[in-house]
Amino acid sequence: MPHGPGLSFRFTHAITRLPSDSVANGLRALDAGDPIGAKFREEHALYVSALQEAGLTVDVLPPLEQYPDSCFVEDPAFCLPEGAILLRPGAETRAGEAVHIRPALAARFDKVIELPEGGHVDGGDVLMLDDTILIGLSARTDQKGARAFRDILSELGYSAEICETPEGVLHFKTACSTLGDSVVLATGVMAGSGFFGDRKVVIVPDGEEYAANVIRINDVVLVPEAYPKTRAAIEAAGFSTIALPTHEARKVDGGLSCLSLRFALSDE
Ligand code: CIR
């Protein structure tokens, strides 16, 4: 793998998109009430500030009313120092998001590679582990898409493995996150999957499964607020944390990783 340790958490930039009012129509597995656009934008502002305080330059794109889930920018693309890869989200209502994220990618990257037509991959199913990249098959990511994506990664010098996301989990990263330094945070089910080899796994305590989706940005781990046991477990493993409200995102199955594309550019 190019670049070595730190690829999963040493970042200089992020791309985000403001939640639209139409986020009230966002996709979800269970109905816990509709998110409110204005409230979601307040939480989003805190998220953007946290990324900035962690050292990132953040591009904030305008809301896209025609795409209710478009604030979850992690899903239509994947970014590496060598270039951005435009993915093909697996949900029909999200397919058009890739076209709209492209200009923001082209503004930051010389190279924007497109996943070939036919298969689907959501960025939420892609876990960077520094020494390999895991691609989870899910209701959104299929074999054809995963294989084509693995080929692109391989051409760029990266190794990737295709895994089965456990049943009932929306995205691979809904149930696990990389903390960097060979440490992974995962739900009990995901930890038992064997995907993480001999890496240290911090287990998310029962009842706090939503908190399995966190993001390490440079020297801090952003965690969702209201999950004190998970936060304590991450801190006990030696990481500093900052808690952020994600109440509106959660209503439509979104977490902290979904709300940004994070990457390192060497010229800044
Ligand atoms: C969806 O179902 O596509 C959105 N409501 C939530 C997307 C969350 N994204 C992610 O986990 N990467």
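For ligands, and for the atoms within them, numbers begin at 1 and follow the listed sequence.
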Write out the residue and atom name of the closest protein heavy atom to atom 9 (N) of ligand 1, then the distance separating them to 0.1 Å.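 Among all protein heavy atoms, the one nearest atom 9 (N) of ligand 1 is Asp75 OD2, 2.9 Å.
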
Nearest-neighbour protein heavy atom for atom 6 (C) of ligand 1, which is reported as residue plus atom name and distance: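 Protein heavy atom at minimum distance: Val252 O, 3.2 Å.
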
If you measure every N/O of [X] against every N/O of ligand 1, is any gap under 3.5 Å?
X: Cys258; answer: no
X: Asp253; answer: no
X: Gly254; answer: no
X: Arg94; answer: yes

Would you please say whether a donor-acceptor pair under 3.5 Å links the side chains of Thr187 and Glu209?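 There is no such pair between these side chains.
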
Show, in sequence, the C-alpha distance, side-chain angles and deciding distance for Ile234 and Tyr227, and conclude whether the side-chain contact (heavy atoms from CB on, under 4.5 Å) test is met. CA-CA 11 Å; Ile234 296 170; Tyr227 300 93; over 6 Å; no

Mind checking the CG-CD1 spacing from Leu56 to Ile15? Nearest 0.5 Å is all I need.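 With rounding to 0.5 Å, CG (Leu56) is 11.5 Å from CD1 (Ile15).
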
Value rounded to 0.5 Å, distance of OG1 in Thr165 from CG in Leu137: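 Going from the OG1 atom of Thr165 to the CG atom of Leu137 covers 6.5 Å.
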
Examine ligand 1 and decide if any of its atoms is less than 4.0 Å from a heavy atom belonging to Arg140.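 Heavy atoms of Arg140 do come under 4.0 Å of ligand 1.
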
Measuring from non-hydrogen atoms of Arg28 to any atom of ligand 1, is the shortest distance under 4.0 Å?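 The answer is no: ligand 1 sits nowhere under 4.0 Å from a heavy atom of Arg28.
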
Do Arg108 and Phe263 form a cation-pi contact, if we require the NZ or CZ to be under 6.0 Å from the six-membered ring centre and within 45 degrees of the ring's axis?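 Judged by the rule (NZ or CZ under 6.0 Å from the ring centre, within 45° of its axis), Arg108 is not positioned above Phe263.
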
Locate the shortest heavy-atom distance separating Tyr47 from Thr16; write the atom from each residue and the value.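 Looking at all heavy atoms of both residues, the closest pair is CE2-CG2, 4.3 Å.
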
What are the two closest heavy atoms between Val121 and Thr141, and how far apart are they?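 Answer, listing the atom of Val121 first, then Thr141: CA-OG1, 3.5 Å.
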
Under a 4.0 Å heavy-atom limit, does Asp69 contact ligand 1 with its side chain, its backbone, both, or neither?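 It is the side chain that touches ligand 1; the backbone stays farther off.
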
